Amino acid sequence: MSAFIDYMDRIFSKYFSIPNFYFTDIVEIVLIAILLYYVILWFRKSRAWSLLKGITVLVVIMVIAALLNLSTIVWLVNKTLSAGIIALVIIFQPELRRALEELGKKNVLFKVLKIGGNLMDDTFDDQSIDEITRATLEMAKAKTGALIVISQEHDLQQYIETGIQINANITSQLLINIFEKNTPLHDGAVIIRGNRIVAATCYLPLSESISLSKDLGTRHRAGLGISEVTDCIVIIVSEETGSISIAKEGKLIRNADAAILKSELHKAQGSEEDKKSKKFWKGRDRSEESNSESEIRPDK
């Protein structure tokens with residue numbers, strides 16, 4: 001009996017023993033968790049998110065091939081991943097540079113302490129949809145060229161920095177006034193984030209698609225170009241014909257009417273469950289949001 005007890009004691013001490021746990025271990029766990037959080041957040045806000053999903057598929061294929069002893073496939077995937085790491089550094093050099101610049105900013109510690117404060121806060125409400133739709137239809141009727149970029153999850157800061165900061169509430173009158181001909185802000189794109197017009201006269205990358213119709217100009221090519229590299233939705237009003245086009249996911253919806261425009265905006269807005277989830281992840285109460293909103297006024 002004593003031998004059995006000794007045997008069980010050895011088993012429990014070997015497999016179920018509790019390791020020594022120190023304060024430094026807690027600090028390390030917290031720091032690693034914060035680092036992983038911001039790495040994942042950076043992936044979500046950049047073009048790297050799609051490639052990360054592709055890399056995940058390759059890893060899954062490699063695991064399955066290893067389990068089935070498919071040596072040739074394992075060798076090919078290993079070579080692809082080893083060369084792909086160098087390629088990723090080259091392709092995403094601008095994103096990596098901006099990430100390091102953000103890390104060097106003075107308010108980085110404040111952001112770390114407010115985990116979740118700015119996550120998924122780019123949702124626009126039904127009033128903003130009505131204002132955008134009204135402005136688009138008025139500009140189409142008057143044949144006023146317009147280029148409106150509505151941000152989603154991907155970070156558009158690099159394009160915002162090319163324009164003039166506005167940071168104003170979305171109103172149809174303001175949008176129409178921005179794109180009025182011969183005004184200082186009419187040339188370029190307006191970028192909207194959430195319920196705010198963030199910047200105007202922004203420069204966008206031009207699409208290199210050869211399938212784009214030759215009768216479409218630079219405005220359409222720019223709108224399609226930004227939709228190819230980010231998840232934003234772009235509204236384009238032709239100055240020549242007054243037609244409305246919508247660019248998203250690298251595709252162009254031409255000759256859209258009010259119903260199609262509102263439908264696409266509601267799709268971009270997300271379902272009620274998505275909106276509730278986004279509100280949860282904001283990590284701030286309504287009173288704090290209203291106070292911060294009241295402190296920011298557009299320039300007159």
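Quick caveat, the model's predicted, so the values are computed rather than measured.
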>> For Asn177 and Leu185: C-alpha separation, side-chain torsions, deciding distance, then whether side-chain contact (heavy atoms from CB on, under 4.5 Å) applies.
In response: CA-CA 9 Å; Asn177 187 69; Leu185 301 180; over 6 Å; no
> Could you walk me through whether Thr136 and Val237 pass the side-chain contact (heavy atoms from CB on, under 4.5 Å) check?
Replying inline: CA-CA 7 Å; Thr136 302; Val237 179; 3.8 Å; yes
> Stepwise, does the side-chain contact (heavy atoms from CB on, under 4.5 Å) test hold for Asp231 with Glu249?
Replying inline: CA-CA 6 Å; Asp231 63 346; Glu249 299 176 354; over 6 Å; no
> Where do Ile148 and Phe179 land on the side-chain contact (heavy atoms from CB on, under 4.5 Å) test, with the steps shown first?
Replying inline: CA-CA 10 Å; Ile148 303 172; Phe179 288 109; 3.8 Å; yes
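Contact between Ile260 and Asp257 at its shortest, heavy atoms only, is N-OD1, 2.9 Å. Nearest heavy-atom pair, Pro205 versus Tyr159, reported as atom, atom and distance to 0.1 Å: CD-CE2, 3.4 Å. Residues Lys267 and Lys248 come closest through the heavy atom pair CD-NZ, 4.3 Å. Contact detail for Asp125 and Asn195: the closest heavy-atom pair is N-OD1, 2.9 Å. Nearest approach of Ile236 to Gly223, heavy atoms of both residues: CD1-CA, 4.0 Å. The nearest pair of heavy atoms linking Leu156 to Ser151 is CD1-CB, 3.6 Å.
Leu35 places none of its side-chain heavy atoms less than 4.5 Å from the side chain of Ile32. Between Arg254 and Ile244 the shortest side-chain heavy-atom distance does not fall below 4.5 Å. With a 4.5 Å cut-off on side-chain heavy atoms, Arg196 and Ser128 do not count as touching. Counting heavy atoms from C-beta on, the side chains of Val190 and Val149 never come closer than 4.5 Å. The shortest side-chain heavy-atom distance between Thr230 and Gln152 does not fall under the 4.5 Å cut-off. Side-chain contact between Arg134 and Met139: absent, with no pair of heavy atoms (C-beta onward) separated by less than 4.5 Å. By the 4.5 Å heavy-atom criterion applied to side chains, Ile178 and His186 are not counted as neighbours.
Under a hydrophobic-cluster definition in which Ile, Leu, Val, Met, Phe, Trp and Tyr are linked whenever side-chain heavy atoms come within less than 4.5 Å, directly or via other members, Ile61 and Leu68 are assigned to the same cluster. Taking hydrophobic clusters as Ile, Leu, Val, Met, Phe, Trp and Tyr residues chained together by side-chain heavy-atom distances below 4.5 Å, Leu36 does not share a cluster with Val27. Under a hydrophobic clustering in which Ile, Leu, Val, Met, Phe, Trp and Tyr are joined whenever their side-chain heavy atoms come within less than 4.5 Å, directly or via other members, Leu206 and Leu204 fall into different clusters.
Interatomic distance, SG of Cys202 versus CD of Glu161, reported as 10.0 Å (0.5 Å rounding). Atoms CD1 and CD, on Ile197 and Gln165 in that order, are 13.0 Å from each other to the nearest 0.5 Å. Ile176 CD1 to Leu137 CG: the interatomic distance, rounded to the nearest 0.5 Å, is 9.5 Å. Separating the CG atom in Leu175 from the CD1 atom in Ile235 is a distance of 9.0 Å, to the nearest 0.5 Å. Taking CG of Leu224 as the reference point, atom CG of Leu216 lies at 9.0 Å (rounded to 0.5 Å). Note that the CD1 atom of Ile233 and the CD atom of Glu264 stand 5.5 Å from one another [nearest 0.5 Å].
With hydrogens and angles left out, the side-chain atoms of Ser209 and Ser207 include no donor and acceptor closer than 3.5 Å. Asp187 and Thr201 are not linked by any side-chain donor-acceptor pair at a separation below 3.5 angstrom, with hydrogens and angles left out of the test. Checking Glu131 against Ser172 by side-chain atom types alone, a donor-acceptor pair falls below 3.5 Å.
Of the possible donor and acceptor atoms, none in the side chain of Ser227 sits under 3.5 Å from a partner among the backbone N and O of Ala247. Without hydrogens or angle criteria, Thr133 side chain to Ile129 main chain gives a donor-acceptor distance under 3.5 Å.
A salt bridge does not link Glu138 to Lys141: none of the charged nitrogens lies less than 4.0 Å from a carboxylate oxygen. Under a 4.0 Å N-O distance rule, the pair Glu239/Arg219 qualifies as a salt bridge.
Each of Leu252, Ile150, Leu147, Ile191 was checked for a side-chain contact (heavy atoms from CB on, under 4.5 Å) with Val234, and the lone residue meeting it is Leu147.
Environment of CD in Glu180: crowded, with over 12 heavy atoms of neighbouring residues, nucleotides or ligands closer than 6.0 Å.
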